[in-house]
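What follows is a short report on a single structure.
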8 protein chains.
Amino acid sequence: MTRTLVGVVMGSRSDWETMRHCVEQLEAFGVPAEVRVLSAHRTPGELSAWIAAAEERGVEVFIAAAGMAAALPGVVAAQTTLPVLGVPMESKLLGGLDSLLSIVQMPGGIPVGTLAIGKAGAVNAAILATQILARAHPEYRDVVARHRAEQATKILAEPDPRAG
Amino acid sequence: MTRTLVGVVMGSRSDWETMRHCVEQLEAFGVPAEVRVLSAHRTPGELSAWIAAAEERGVEVFIAAAGMAAALPGVVAAQTTLPVLGVPMESKLLGGLDSLLSIVQMPGGIPVGTLAIGKAGAVNAAILATQILARAHPEYRDVVARHRAEQATKILAEPDPRAG
Amino acid sequence: MTRTLVGVVMGSRSDWETMRHCVEQLEAFGVPAEVRVLSAHRTPGELSAWIAAAEERGVEVFIAAAGMAAALPGVVAAQTTLPVLGVPMESKLLGGLDSLLSIVQMPGGIPVGTLAIGKAGAVNAAILATQILARAHPEYRDVVARHRAEQATKILAEPDPRAG
Amino acid sequence: MTRTLVGVVMGSRSDWETMRHCVEQLEAFGVPAEVRVLSAHRTPGELSAWIAAAEERGVEVFIAAAGMAAALPGVVAAQTTLPVLGVPMESKLLGGLDSLLSIVQMPGGIPVGTLAIGKAGAVNAAILATQILARAHPEYRDVVARHRAEQATKILAEPDPRAG
Amino acid sequence: MTRTLVGVVMGSRSDWETMRHCVEQLEAFGVPAEVRVLSAHRTPGELSAWIAAAEERGVEVFIAAAGMAAALPGVVAAQTTLPVLGVPMESKLLGGLDSLLSIVQMPGGIPVGTLAIGKAGAVNAAILATQILARAHPEYRDVVARHRAEQATKILAEPDPRAG
Amino acid sequence: MTRTLVGVVMGSRSDWETMRHCVEQLEAFGVPAEVRVLSAHRTPGELSAWIAAAEERGVEVFIAAAGMAAALPGVVAAQTTLPVLGVPMESKLLGGLDSLLSIVQMPGGIPVGTLAIGKAGAVNAAILATQILARAHPEYRDVVARHRAEQATKILAEPDPRAG
Amino acid sequence: MTRTLVGVVMGSRSDWETMRHCVEQLEAFGVPAEVRVLSAHRTPGELSAWIAAAEERGVEVFIAAAGMAAALPGVVAAQTTLPVLGVPMESKLLGGLDSLLSIVQMPGGIPVGTLAIGKAGAVNAAILATQILARAHPEYRDVVARHRAEQATKILAEPDPRAG
Amino acid sequence: MTRTLVGVVMGSRSDWETMRHCVEQLEAFGVPAEVRVLSAHRTPGELSAWIAAAEERGVEVFIAAAGMAAALPGVVAAQTTLPVLGVPMESKLLGGLDSLLSIVQMPGGIPVGTLAIGKAGAVNAAILATQILARAHPEYRDVVARHRAEQATKILAEPDPRAG
């Protein structure tokens, strides 16, 4: 049994197109993660079992992605005291405002740290999870700092747009 | 043990100010109901236990009210195959649009029949629940029809606004 | 004359692309349904006649779909005391927020149980209608329960997204 | 029986607080109007009867005001070929955006000329109705032109705000 | 010089794709109309000149279409006491909510009767303009009534969607 | 005749409660300003006359404030090639989103530099106008810089909130 | 010099009314925190200095609160690789939607874990920060778990609403 | 070293597709501009350095474009007392409402003159910048006036849409 540090769960197989960017970022950081498709509404029992088992396998941060009436991140947060991050999926209604509000507007008591809608949020969930892990796992501090520096380098290397 | 036909659950004691209009309408219709304050996020175990017990006590329709990232109606719907009605609570953000979208935008598979935000929705949940009950409990058909007629009478009895 | 249990009405032929998912779900459940294109605004007389006739043919639940200033579900609800479910159609404005608000924000007295915008709502209207029918027609209870189980199985059978 | 030229209808007695500004403007213009509280959903029969009778009494323009899922203006427009103006009432959700979208977003075929939400719309409905009447009743042309001039005079008579 | 009864003005040549549906409906009704592309912001002088000249040519109703910060309908309404109808153009932001609010939310004193966003509103502006004209030009009453009847016929002639 | 550098115009006397903060900021900066209540819709002629006269009196920047379908800033911008700043007034609908979109969403060709809704925008319009003036009137450069420094000092002088 | 684990910063003294709930929750958890009023726009230098110094004093999580065009949380996140949580303040526009979108919609690369608007978000930021700290500081694990249990107890101790 | 009068900065290379319209307009006006891709979050140091250097090279107006949680314009405005104009980029959420609110809703003290979302705003930023420059650089007054006249000519040269 391999240890995993981040548990990534999404409410539907169709969320993978977005969440692959999250998992690829975790892989680029060398953070071991497990990935599941489980629904707060359609497989609540399996979801509970996975949360408990993931904690036992060493997961320290959960990332939950869902769309529309996106209950999944909140339901995960209700069943663990580990930090839970939420990624709202784009939807046709208002471009994902329904997903965003369903995740971020958690009532006092059960927090979900919410990222941007869609791909930007998926990538940022991976980065924030690694920043959190880096408190107790100092080996990830450099990883995050290096990534930050690379972003700057990449922007600065952009040629003058007018030349392009 | 008294039989109850409708199970009303709200996510917070503060929802009662709105949901009392739902329960009063059920009482006016003579529909036996049980009322609980239970949270999808903070008391998930007690919620599950109540849903199961309520079904055993004869509940045939659930009404669930919640605000903000309002997961409660969907979580109830995920744990029963009885009809579930949802009432979005008013909130400061957009007047309750967060509550509404969190309840009505359920993904395919687990329906929540959603009513209007706030008091109008609370009253209408009671009426719709009674309309549903009336299919298998014909004694409620007259109750609903009489209420409909009374509404018309009430409007028609309004004096000319200009006289007022 | 065959008995029908659900009356499905949509405001425009163009709604069929969405509502076919509702009717196919009813057919998969073995629920006899009748389907009409009738407009609250353009064919109000025919709509009234159909509602009355449908009740006589045994309809116990109405499903009404409409877009934009979507008056149809409310107008149906005003002419029957049977349960009425509403399905908002997607629109260009805000992705269907106009349709949603026109259906769900019914004033107190005349309820419409509203489902999600578009295809998810169309499917869920069929499921909720069957859940309602199952109270007086116990033969549908198994149908709904089996469908719920199948949904879970389907999600759990998803291969690991990373393998895909 | 007095002849009336404008028929004003509102969905609820509580709309009068707003619509009194419409009726007072019509009175100031000397336009004979009749005023009713009738609901598209709760008194559809009485509404139809009133529309037909009002046309016989000489009404040439209808003004309909409603809030939330505001079907009234569209339902009036569906039953007459006279011009129909709609006034959305303020509501708690989004300040009346639900009322506005339910009135203005009429599908092609049945127009409702929609005014602003609340008091400004109520006053403007009276002015637009009089502008319409003035085509066939030239005696109202001066009335409208004089009102326009008075508005300008009133603004120009404002003292320097800094003096105030 | 031919007499025209309706003056149609749009803020940009690109609005024609939508407004052609308005003009075609007027032509189908036999209503003589003149059509201009004039901007409230970029050609205010020519706009004023056209409004005055159009009134002299017999125009009795104006239809103004614009998008984004859509000042055109209000600016037309400010320069005439004839009835002015506004058609909001679709835009990328919120699907045209900016256009709609810029047209419909006129302050008290200067009314614009606003129709739906896009094609539906364009068609309905033509119908409402004809309904207004029909008060003083009774020959258009039949035209409108016949159109209403045709709409009903067209919907009722739709084949059963399931057959299609 | 005193020279003025900034022309402040608002669409209604009721906007003064907000716009006094703009004028007080200009006064604090020692920028001579003239203030008018003029409406794009109700006093278009007087508005045009004032714009021309103000330019002759030396005005170099216009600030225009309006609410709802807020055409005033765009109409000013259409009649001058001086920089025009717009301040959206709060409104009941969406807290002023109608005012904001009516001002900021100007089509290409006629710019309005738009500030925040309400008091913050009123103050910032005064600051931005002074920043613009400071290019040709260097005596205002210090004024702006000093104000910037004072803001920082004020925040840093705040006592520890927990002490408060 | 006392060690602090959480750095709380807000953009304006007026945010304290909301953020006191965050700080009180941290105090109830026994988490040492430092609190500052610093603005991303008005005191950028002092903000940078504080972030660096706070890291040296042992801060492991930042909580940043701001309203309107709420740049503060993102600006903090840009200057540290520690986890940053954002709390959107209520505002008049849309009830705080401007604050929420300005914080949560961070582009890929610089994450801000965003909580609900207003008091609920303030409390949840404190809880999430403690959950994050608890990974490297196990003494906080019990604190969080006990708080979770207390919440459930509190809800379950609510008397029957109908008795109240 | 060439003197530049306008500094254009965008948060991401992908904004160039929109902002090229801004730069092309400046070039058409003969206004020397420099263009950079720099991020408020990812390259804050380089951004500060560029702002200072640009001021030394003679820049008198800044134009900053960004999307989503668009902090860039405000961060530029915080580091200069020159006029700063902001251009919100289109985004998937609400068509760019997040970008717009993040730029326009600046708190009192640090103004950003905000233009429309997307291409229209990009062009208008160039025009407004030139209008501002024209106060101290009278040679640009004619340029702006000529452009205004050309716009009118272009609209008036449009053929009758019905002929097209």
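So you know, we letter chains A, B, ... as the sequences are listed, proteins then strands, and number each from 1.
- Heavy atoms only, all atoms of each residue included: Ala71(H) and Ala71(G) are closest at CB-CB, 4.1 Å.
- Separating the CG atom in Leu100(G) from the CG atom in Asp98(H) is a distance of 10.0 Å, to the nearest 0.5 Å.
- Residues of residues 72-88 of chain H placed with any heavy atom under 4.5 Å of a heavy atom in chain G are listed by number as Gly74(H), Val75(H), Ala78(H).
- Between chain H and the options Ala70(G), Gly67(G), Ser102(G), Ser39(G), heavy-atom pairs under 4.5 Å are most frequent for Ser102(G).
- The list of salt bridge (Lys or Arg N to Asp or Glu O under 4.0 Å) pairs with a residue in residues 119-138 of chain H, not counting sequence neighbours, reads Glu60(F)-Arg135(H).
- Against chain G, no residue from residues 145-154 of chain H qualifies, as none has a non-hydrogen atom under 4.5 angstrom away.
- The CG atom of Leu94(G) lies 8.5 Å from the CD atom of Gln105(H); values are rounded to the nearest 0.5 Å.
- Looking only at heavy-atom pairs under 4.5 Å with chain H, the residue among His41(G), Met68(G), Met106(G) that has the most is His41(G).
- Applying the ring pair (Phe, Tyr, Trp, His ring centres under 6.0 Å) test to pairs two or more places apart or on separate chains, those with a residue in residues 44-81 of chain H are Trp50(H)-Phe62(H).
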